[in-house]
Amino acid sequence: MPYMVRDYDRERILSWARKIDQGPFDSLSCGERVTGHTYEMRTILAACAAVTERVRIIPALYVLPMHSAVLSAKEIATLDVISNGRVGVTVGVGGREKDYRAVGAPFERRHERLDQQVAQMRRVWRGETLFEGCDEIGPRSPQGDRIPVYAGAMGPKALARAAKWADGVYGASMAGDREGSEWIFSAARAAWQAAGRADKPYLIGSFWYSLAPDAKSALRDYVYDYMKIAGEGVARQFADSMVRHSPDAIRQGIENLRAAGADEVLLVPATAHYDEVDRLAELLV
């Protein structure tokens, strides 16, 4: 779902959700940012859950250390109720210090807080009371405490931490290249093995794309806006490297991530133009 665009009204939000549910897609997702012109992830996904019947609903991702773990657990369980058990949530620490500052959350020790928060969310979903005299924090979701939790992680340290509590990894190189995703996925599998886990991580890849009119410029403008936090030079270089703005290039990006070992690919549109979802559906059939 687009969430960084302007003039994104009720009709377009709900139409996008319905088109995704009726198309050749498995999941519907939305990201989280606070500063900048963005729409709020939880509200969009709740609306999408209410007007869809089939696709999974995947927040990607909750920047969990910016928020209360208890309220986040309550939100996610409620979303699972609305969707009738279709939620899988991605959590991570993010990298935008200004977002933390805007909501009054400390940026320091966010990795440690994330570990603790995931454990606390599981306690809430199990129906445990958090302290003496505390009522159970509902609602009970259709999936109970087994709502899948994926870690938005890429580095060795973050993956080692995730291997202790995550069901999988959202490791996004965002360029649609095989090499970047392959490195992340290999590191994730190694982290799972090092943690003594018998299961394998569910691997989610992602990349930016556009099929809107003037797709090349739309994609590069979007990526520049997203990456400008890293500085003018980095943002421009990253934006100029984007190539997933034609059907053939997008198909190749999907094949790259499949070859890298992805179990699922989240495709992130540069605009809210209906061509982004309609033409994407056509090329996937």
Side-chain angles (χ1 to χ4, degrees), residues 3-4 29-36 38 40-42 45 58-77 79 87-126 128-132 134 137 145 147-174 180 183-185 187-197 201-204 206 226-231 234-235:
Y3 68 102
M4 288 176 55
S29 184
C30 184
E32 175 179 43
R33 280 183 60 183
V34 177
T35 57
T38 59
E40 200 277 316
M41 175 183 72
R42 298 153 188 75
L45 290 179
I58 302 183
L61 50 74
Y62 262 81
V63 183
L64 200 55
M66 291 198 303
H67 309 293
S68 159
V70 173
L71 285 177
S72 296
K74 195 175 188 75
E75 290 165 357
I76 294 163
L79 185 63
V87 170
V89 63
T90 304
V91 300
V93 300
R96 297 177 181 274
E97 189 272 339
K98 289 181 180 179
D99 281 4
Y100 280 77
R101 192 190 310 178
V103 299
F107 196 61
E108 298 74 19
R109 301 186 64 81
R110 58 196 183 279
H111 296 88
E112 293 88 344
R113 295 205 310 279
L114 178 64
D115 297 341
Q116 297 161 4
Q117 287 178 303
V118 172
Q120 190 170 40
M121 289 201 307
R122 293 284 191 204
R123 290 182 61 196
V124 171
W125 294 337
R126 285 194 296 268
E128 297 179 13
T129 57
L130 300 183
F131 52 86
E132 186 176 351
C134 177
I137 298 170
D145 70 335
I147 296 173
V149 178
Y150 309 119
M154 292 184 285
K157 291 182 179 179
L159 289 168
R161 304 179 80 99
K164 298 177 182 178
W165 49 258
D167 295 294
V169 170
Y170 176 44
S173 74
M174 301 312 295
W183 187 92
I184 297 167
F185 295 159
R189 286 189 288 264
W192 255 240
Q193 186 175 18
R197 295 183 59 163
Y202 188 79
L203 301 173
I204 304 174
S206 187
Y226 191 94
M227 293 298 300
K228 65 185 179 183
I229 188 174
V234 172

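One finds the OH atom of Tyr150 at 5.5 Å from the CD1 atom of Ile58 (value rounded to the nearest 0.5 Å). Remark: Met121 CE to Ile147 CD1 distance equals 8.5 Å, nearest 0.5 Å. One distance of note links CE of Met66 with CG of Leu114; it measures 12.0 Å at 0.5 Å rounding. A distance of 9.5 Å separates CD of Glu97 from OG1 of Thr35, quoted to the nearest 0.5 Å. Between the CD1 atom of Ile204 and the CD1 atom of Ile184 there is a distance of 12.5 Å, given to the nearest 0.5 Å. Atom CZ of Phe107 sits about 10.5 Å away from atom CZ of Arg96, to the nearest 0.5 Å.
Judged by distance alone, the side chain of Glu32 and the main-chain N or O of Gly94 form no donor-acceptor pair under 3.5 Å. Between the side chain of Thr38 and the backbone N or O of Tyr3, no donor-acceptor pair lies under 3.5 Å. A donor-acceptor contact shorter than 3.5 Å is absent between the side chain of Arg122 and the backbone of Ala119. One N or O on the side chain of Arg197 and one on the backbone of Ala163 form a donor-acceptor pair closer than 3.5 Å. For Arg33 (side chain) and Met41 (main-chain N/O), no donor-acceptor pair under 3.5 Å exists by modelled atom type. Panel note: side chain Trp192, backbone Ala188; no donor-acceptor pair is recorded below 3.5 Å.
Heavy atoms only, all atoms of each residue included: Ala187 and Leu159 are closest at CB-CD1, 3.5 Å. Shown here for Trp125 and Val149, the closest heavy-atom pair between the two residues is CZ3-CG2, 3.9 Å. The heavy-atom pair separating Arg123 from Leu130 by the smallest distance is NH2-CA, 3.7 Å. The two residues Ala153 and Val169 make their nearest non-hydrogen contact at O-CG1, 3.5 Å. Closest of all the heavy-atom pairs between Ile76 and Val89 is CD1-CG2, 3.8 Å. Scanning both residues, Val34 and Ala102, for their nearest heavy atoms gives CG1-CB, 4.1 Å.
Under the 4.5 Å side-chain criterion, counting only non-hydrogen atoms from C-beta, Asp115 is not in contact with Lys164. In this structure, the side chains of Val63 and Asp99 stay at 4.5 Å or more apart for every pair of heavy atoms. Contact of the Leu79 side chain with the Pro59 side chain is registered, since non-hydrogen atoms from C-beta on lie closer than 4.5 Å.
More than 12 heavy atoms of other shown residues, nucleotides or ligands fall within 6.0 angstrom of atom CD in Glu112. Remark: Tyr226 OH is loosely packed, at most 12 non-hydrogen atoms of other residues, nucleotides or ligands lying under 6.0 Å away. The number of heavy-atom neighbours closer than 6.0 Å to CE of Met154, taken from other residues, nucleotides and ligands shown, is 12 or below.
Between Tyr62 and the choices His67, Glu75, Gln117, the side-chain hydrogen bond (donor to acceptor under 3.5 Å, both in side chains) rule is met once, by Glu75. Partner of Ser72 under the side chain to side chain contact (heavy atoms under 4.5 Å, CB included) criterion, out of Val118, Val91, Leu64: Leu64 alone.
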- Message: Between Val124 and Lys74, is the side-chain contact (heavy atoms from CB on, under 4.5 Å) condition met? List the steps.
- Response: CA-CA 8 Å; Val124 171; Lys74 195 175 188 75; 5.7 Å; no

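With Tyr100 as the aromatic partner, Arg109 does not meet the cation-pi criteria of under 6.0 angstrom to the ring centre and within 45 degrees of the ring axis.
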